[in-house]
There are 2 protein chains.
Amino acid sequence: MIFNEQNISPFSACGTKPFQPASEISHISEAKIDFVYPPVPFPTNALYKQWGEANIRNMVHHHHLLLRKSTIGDLFPSDDVAFIFATEKTADFFVEALGGDRVYTPVHGHPALRKRHLPFTIDEQGRKIWLMMYKKTINDLQMPAQHIEEFWNWIEPLSMRMINRRTTMMPIERYPYASIWGKE
Amino acid sequence: MIFNEQNISPFSACGTKPFQPASEISHISEAKIDFVYPPVPFPTNALYKQWGEANIRNMVHHHHLLLRKSTIGDLFPSDDVAFIFATEKTADFFVEALGGDRVYTPVHGHPALRKRHLPFTIDEQGRKIWLMMYKKTINDLQMPAQHIEEFWNWIEPLSMRMINRRTTMMPIERYPYASIWGKE
């Protein structure tokens, strides 16, 4: 199925017309969309080739430990063994997605990230925390500077796709590379 | 802002292509939408003119009492006074929306139904229960048969707009009038 209708406004544009109670004639509230999830540019293997598997795994571990201590920590297993297992699965994904060995899909199948995250309530704020903990991780671990932009331009729109709980009429906030890293 | 891009697939179409790990060349996952909220045909005042304010209010009370006893009962106030207050506010909305006195907007402003429901987690199943309790209400209270189709064709797509928690990759299920009332 391809979506190709014209002139469908996002929800955030609604509420501007006055409410119209029933009269002799019916009226229609037009079709709406919530928002458009933007394209996700997947990175080349350049970061992986320079940094290697161990650093990628370390990055995911670092990020998960930050998340566990954050306000969205209860989205992760409280049991240590289960937490390590979940972290390692994510590390496998990042290793494969960034160009390393195929250690994820042969075991788990297609990442289907939105689908896999549906059991967990992820709102706009949860996604922001996830992203900001990656900013901190990138700084803490000194990711090679020339690869940050490509990595960030992947995870920033990718993280939007995990949002499955809307709490605002506003479009999802964007955090462009230049706004986060421009001054550093 | 008007959404008029071509060829944006809904999420439900994704996951069909094999996962593509990083190589020397980057690749892009195209923009996506979740789903299109269909147009909402608002009813004429025909039901109101025949049934009157008292029956409309009674309908909302009946529906709310059914909801309170349902699996989504915890979305409503447990305190009786607060529950009655919430029910009456909804009844005011239905009276005005269906063509009666302006008893809602002068007090509460624009209905902005999606926005007002954002604090409450409403998933696809919750919306289905809300709708099916209206089916039961319509039967229990013997809404005049000639007005059911117009009423149902309003609340069925309207209820989709309250969904703010997605739990599936599938499009939101539709319950067309003919599928619900065709055999009765």
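This structure is a prediction, so every number in the text was calculated from the model and none was measured. Chain letters run A, B, ... following the sequence lines, proteins first, then strands; residues in each count from 1.
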Best-contacting candidate, B/Glu24, B/Lys115, B/Arg102, against chain A by heavy atom pairs under 4.5 angstrom: B/Glu24

Could you please spell out the steps behind the side-chain contact (heavy atoms from CB on, under 4.5 Å) verdict for A/Val36 and B/Lys32? CA-CA 6 Å; A/Val36 178; B/Lys32 291 271 191 293; over 6 Å; no

For B/Pro157, which atoms come within 4.5 Å of any heavy atom of chain A: side chain, backbone, both, or neither? neither

How about CD on A/Gln146, more than 12 heavy atoms from neighbouring residues, nucleotides or ligands closer than 6.0 Å, or not? yes

Heavy-atom cut-off 4.5 Å, strictly under: side chain, backbone, both or neither for B/Thr105 against chain A? side chain

Approximate separation, where rounding is to 0.5 Å, of B/His110 NE2 and A/Gln20 CD: 10.0 Å

Tell me whether the rings of A/Phe93 and B/Phe19 are parallel (<30°), tilted (30 to 60°) or perpendicular (>60°). tilted

Quick one: what part of A/Tyr48 sits under 4.5 Å from any heavy atom of chain B, side chain, backbone, both or neither? neither

How long is the straight-line distance from CD1 of A/Ile163 back to CG of B/Asp34, given to the nearest 0.5 Å? 11.5 Å

Measuring from atom CG of A/Leu118 to atom OG1 of B/Thr168, what distance do you get when rounded to the nearest 0.5 angstrom? 7.0 Å

Of B/Thr121, B/Leu47, B/Leu98, the largest count of non-hydrogen pairs under 4.5 angstrom with chain A goes to B/Thr121

Considering all heavy atoms of both residues, which atom of A/Arg161 and which atom of B/Glu30 are nearest to each other, and what is their separation? NH2-O, 2.8 Å

If you count heavy-atom pairs under 4.5 Å between each of B/Gly100, B/Pro43, B/Pro111 and chain A, which one has the most? B/Pro111

Closest approach of B/Ser29 and A/Phe42, non-hydrogen atoms and distance? CB-CE1, 3.8 Å

Less than 4.5 Å to any heavy atom of chain A: does that hold for the side chain of B/Pro41, its backbone, both, or neither? both

Exceeds 12 heavy-atom contacts within 6.0 angstrom, atom CZ of A/Phe85: no

Among B/Gly99, B/Gly109, B/Pro39, residue most engaged with chain A (heavy-atom pairs, under 4.5 Å): B/Pro39

